[in-house]
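Just so you know, these numbers come straight off a predicted model, no measurement behind them. Below, chain A is the first sequence line, B the second, and so on; all start at residue 1.
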4 protein chains.
Amino acid sequence: MTKPRTRIQQKNHAVIMAAGLEVFSQYGFRGSTLDQVAEAAGLSKPNLLYYFPSKEAIYQGLLVELLENWLEPLHQLNPNGNPVEELLGYAQRKLAMSRDYPRESRLFATEILQGAPEIKPVLEGELRTLVKEKCKVIEGWIAAGQIRKVDPVHLIFSIWSLTQHYADFDVQVRAIMGERDPFASAAVHLEDLFRQMLTPT
Amino acid sequence: MTKPRTRIQQKNHAVIMAAGLEVFSQYGFRGSTLDQVAEAAGLSKPNLLYYFPSKEAIYQGLLVELLENWLEPLHQLNPNGNPVEELLGYAQRKLAMSRDYPRESRLFATEILQGAPEIKPVLEGELRTLVKEKCKVIEGWIAAGQIRKVDPVHLIFSIWSLTQHYADFDVQVRAIMGERDPFASAAVHLEDLFRQMLTPT
Amino acid sequence: MTKPRTRIQQKNHAVIMAAGLEVFSQYGFRGSTLDQVAEAAGLSKPNLLYYFPSKEAIYQGLLVELLENWLEPLHQLNPNGNPVEELLGYAQRKLAMSRDYPRESRLFATEILQGAPEIKPVLEGELRTLVKEKCKVIEGWIAAGQIRKVDPVHLIFSIWSLTQHYADFDVQVRAIMGERDPFASAAVHLEDLFRQMLTPT
Amino acid sequence: MTKPRTRIQQKNHAVIMAAGLEVFSQYGFRGSTLDQVAEAAGLSKPNLLYYFPSKEAIYQGLLVELLENWLEPLHQLNPNGNPVEELLGYAQRKLAMSRDYPRESRLFATEILQGAPEIKPVLEGELRTLVKEKCKVIEGWIAAGQIRKVDPVHLIFSIWSLTQHYADFDVQVRAIMGERDPFASAAVHLEDLFRQMLTPT
DNA sequence: TATGAATGAGGATTCATTCAT
DNA sequence: AATGAATGAATCCTCATTCAT
């Protein structure tokens, strides 16, 4: 799929991505129909397939776009910053993404849950490399006594799971908490959790 | 459907549940076909529908069975036990379930991700009640100074997310960690995390 | 299908016939299922097929039984009776059958409507012969000036249609007439109609 | 479903209605398959469902079309015409419809026989109202001494049953009458029957 | 005589995709 | 660039019938 050229192409490309996100994040790939995506996009079904060669191509396009944004916050982890604040900041940024882009989080979760058929290579390639790199940074901080001794990979997993939970399990969270906004109190809770865990004694 | 009576019914009922778990946890409800379930069960498709009235009934049957087991560990949280050990024990039990019953965890995650169409009532009813009850217990422990001051609901969410992550995002975890068994080190990591967070200073 | 021998065979044979009549008259042959018939008969489906070799055999058995009773009133038309009273009596007997055996009437109507696949030979054989015989009788009455000159075949059709209508189109009749019993007033109406039509001036 | 717009839609819509009439009038709703209708229409099965959402929708569409035409002749009963001629004319028009549209008659009969699941509301609404209105007219004629005293509702039933019989029981009529055209002699017979019944002495 | 278990042959409907314009 | 029309390949489910006991 080459990059779109004209105005209208760019616009419709974006419209379809938005519609695909809306639909796929809700029903999963197999559970969604092109009709639903076309409906959400306000385009005809054949027109969708004028811009994307297949249903799967729309889904793949979404995942590609998504992954870039998804890894960005981890990239920003600054080796030269204050370690505890860097890690807390990373967690808060991830939590904000769960709050502001829950559909993206759910789309990603669905893909992983089903065995990551589309993005396994990215996980084993780019993501793994990036995580290893950041683990080195964290290990450096531990060696320097700037944070407590923790398993860096599991620390990263903890940040991911604790923050994404509020997007992915949103229905459950709200079923239990009722009307209250979960994210405000979650931010406080996670701030405390990570500070407690990371601050050296 | 009432409980199965005869030997062969019990056997096939169980065989179908197992096959359904295998298939549905991998592809979700809409993404799975009766053919797949029949294949996995070693039965013919119409024979499946001799035991369960529909595809959905198999799925619902699974969720019902699942929910019972799923809530059990939280029930076991003993108000009279040692608070830190009780909560650590709960987390370890949940982690063991992620390790031993990852498909159940994924089935549950898929259902929640898609808006919990089947089990929302249970979430808003039984689960909510149970969580509230245990929150009271935790608040008692905090008031007594036996654990640090934390938000009890978010503490429970944290236990859930941190443990289930290893089942639900298994593919990602293994992509990053490689061949190493994630659960052994995860147990150590979570033990540390929760002890650090809960032990009063 | 040989005649049933033992008590229990006779009983179950009759039970199945009754159930088949109930079901087939309501939904037609193709629209009925063996399950429905088995349910109505209080027998298991395989047991049904122990007494009758197939679904079609039950249906055929019903039609055979039915036809005997169905032609009986016409047989009774007495060449030596009072012509007008004989024909009025025949009409009243047919009307009573519509009232008392509406399911039989509907079963017969359904079969004819669908082209009489099972009983066409009977229609072209026995029934045709019987009607021709009775037409001779009616023609004799006309020749003797005992009733008005009418087309005897169409007279017989008129008796059939006017009486069976109250069974076959029962739903429509009641939709229009409301709660009132249609048969009492129909009897009066038909008495008048046929007397008016047949009485010589 | 809104009215078809384009040429091809109009054509195929009509083609499907015609095919549905052919098939449903012969085998009833449950006894007919979409394959048969598709075959009769010269279209593929999915293409049928491109124009109608379901098998039932085709059937319902037929009944709706049918009912309009079916009630028309009764509408035409003119309160200001010559009473006997009006009623005879109505009967002859209904008989002509049985001759020219026997499949419509049989479709209607099948629907009623099975309890009118689709059109009961119409029977209890529009049809009932129309019949009551025309009964008033007939009662007026009786009061004015223009026709003999008859039960108006049963008179209408008689017209319906006597005329529709030749379409609905066509197979039986021809089995008995042989090759002769039933409708010509039926017209003479019914003319005589109704004139005899209605003409005041 | 009776029935629990099983199935092959459909049958209605869905859906991604293609065709024609 | 867009869409009305069409379809082949599923997919869930039904049902008369058979099997095994």
Side-chain angles (χ1 to χ4, degrees), chain A residues 4-9 11-12 29-38 42-59, chain B residues 4-9 11-12 29-38 43-58, chain C residues 4-9 11-12 29-38 42-59, chain D residues 4-9 11-12 29-38 43-58:
Chain A
R5 306 282 161 179
T6 72
R7 288 273 167 71
I8 198 165
Q9 274 182 338
K11 198 197 88 194
N12 279 342
F29 177 68
R30 301 267 320 255
S32 305
T33 72
L34 269 190
D35 272 314
Q36 290 175 297
V37 179
L43 295 172
S44 74
K45 207 165 33 163
N47 205 12
L48 240 64
L49 296 169
Y50 174 79
Y51 289 101
F52 290 84
S54 69
K55 179 187 176 186
E56 199 171 2
I58 301 177
Y59 184 69
Chain B
R5 306 281 162 184
T6 72
R7 286 275 166 69
I8 200 164
Q9 270 184 344
K11 198 197 88 196
N12 280 341
F29 177 68
R30 297 272 315 260
S32 305
T33 72
L34 269 187
D35 271 313
Q36 290 174 299
V37 179
L43 296 172
S44 74
K45 207 167 22 167
N47 203 14
L48 237 65
L49 296 167
Y50 175 75
Y51 291 98
F52 289 84
S54 68
K55 180 187 173 186
E56 197 170 2
I58 301 177
Chain C
R5 306 282 161 179
T6 72
R7 289 273 167 71
I8 198 165
Q9 274 182 337
K11 198 197 90 196
N12 280 342
F29 177 68
R30 300 265 322 253
S32 306
T33 72
L34 270 189
D35 272 313
Q36 290 175 298
V37 179
L43 296 172
S44 73
K45 206 165 33 163
N47 205 13
L48 241 64
L49 296 169
Y50 173 79
Y51 289 100
F52 290 84
S54 69
K55 181 187 174 186
E56 199 171 0
I58 301 176
Y59 184 69
Chain D
R5 307 280 162 187
T6 72
R7 287 275 166 70
I8 199 163
Q9 271 184 343
K11 199 196 87 193
N12 280 341
F29 177 69
R30 298 270 317 259
S32 305
T33 73
L34 269 189
D35 272 314
Q36 289 175 298
V37 179
L43 296 172
S44 73
K45 207 168 23 165
N47 203 15
L48 239 63
L49 296 167
Y50 174 75
Y51 290 98
F52 289 84
S54 68
K55 179 187 173 185
E56 198 170 2
I58 301 177

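Between E/dA5 and B/Q9, a contact under 4.0 Å exists linking OP1 or OP2 to a side-chain N or O. Between A/Y50 and F/dA2, a side-chain N or O to OP1/OP2 separation shorter than 4.0 Å is absent. Between C/N12 and the phosphate of E/dA2, there is a side-chain N or O to OP1/OP2 separation shorter than 4.0 Å. Between D/N47 and F/dA5, a side-chain N or O to OP1/OP2 separation shorter than 4.0 Å is absent. For the OP1/OP2 pair of F/dG4 and a distance below 4.0 Å, the side-chain nitrogens and oxygens of D/Y51 include no atom meeting the criterion.
Taking each heavy atom of A/K55 and A/F29 in turn, the nearest pair found is NZ-O, 3.0 Å. Minimum heavy-atom separation, B/A38 to B/S44: CB-C, 4.1 Å. Contact record, B/I8 with B/Y51: O-OH, 4.2 Å, taken as the closest heavy-atom pair.
Between the OG1 atom of D/T6 and the CG atom of D/N12 there is a distance of 8.5 Å, given to the nearest 0.5 Å. Between atom CG of residue A/L48 and atom CG of residue A/D35 there is a gap of 9.5 Å, rounded to the nearest 0.5 Å.
Taking A/S32 as the reference, A/V23, A/F24, A/Y27, A/Q36 meet the side-chain contact (heavy atoms from CB on, under 4.5 Å) condition, with sequence neighbours excluded.
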Can you run through DNA chain F from 5' to 3' and write each base as (, ), [, ], | or . depending on how it pairs? Watson-Crick or G-U wobble, both distances under 3.5 Å. .||||||||||||||||||||
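Among the protein residues, C/L43 comes within range of no part of the nucleic acid, since none of its heavy atoms lies under 4.0 Å from any strand.
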Per-nucleotide protein contact string for nucleotides 10-17 of chain E, where B marks a base within reach and S marks sugar-phosphate only (heavy atoms under 4.0 Å, - for neither): -SBBBBBB
Side chain to side chain contact (heavy atoms under 4.5 Å, CB included) evaluation trace for A/K45 with A/T33: CA-CA 10 Å; A/K45 207 165 33 163; A/T33 72; over 6 Å; no
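For the pair B/F52 CZ and E/dA5 C1', the interatomic distance rounds to 15 Å; values are reported in whole Å. The interatomic distance linking B/K11 (NZ) with E/dA6 (C1') rounds to 12 Å, in whole Å.
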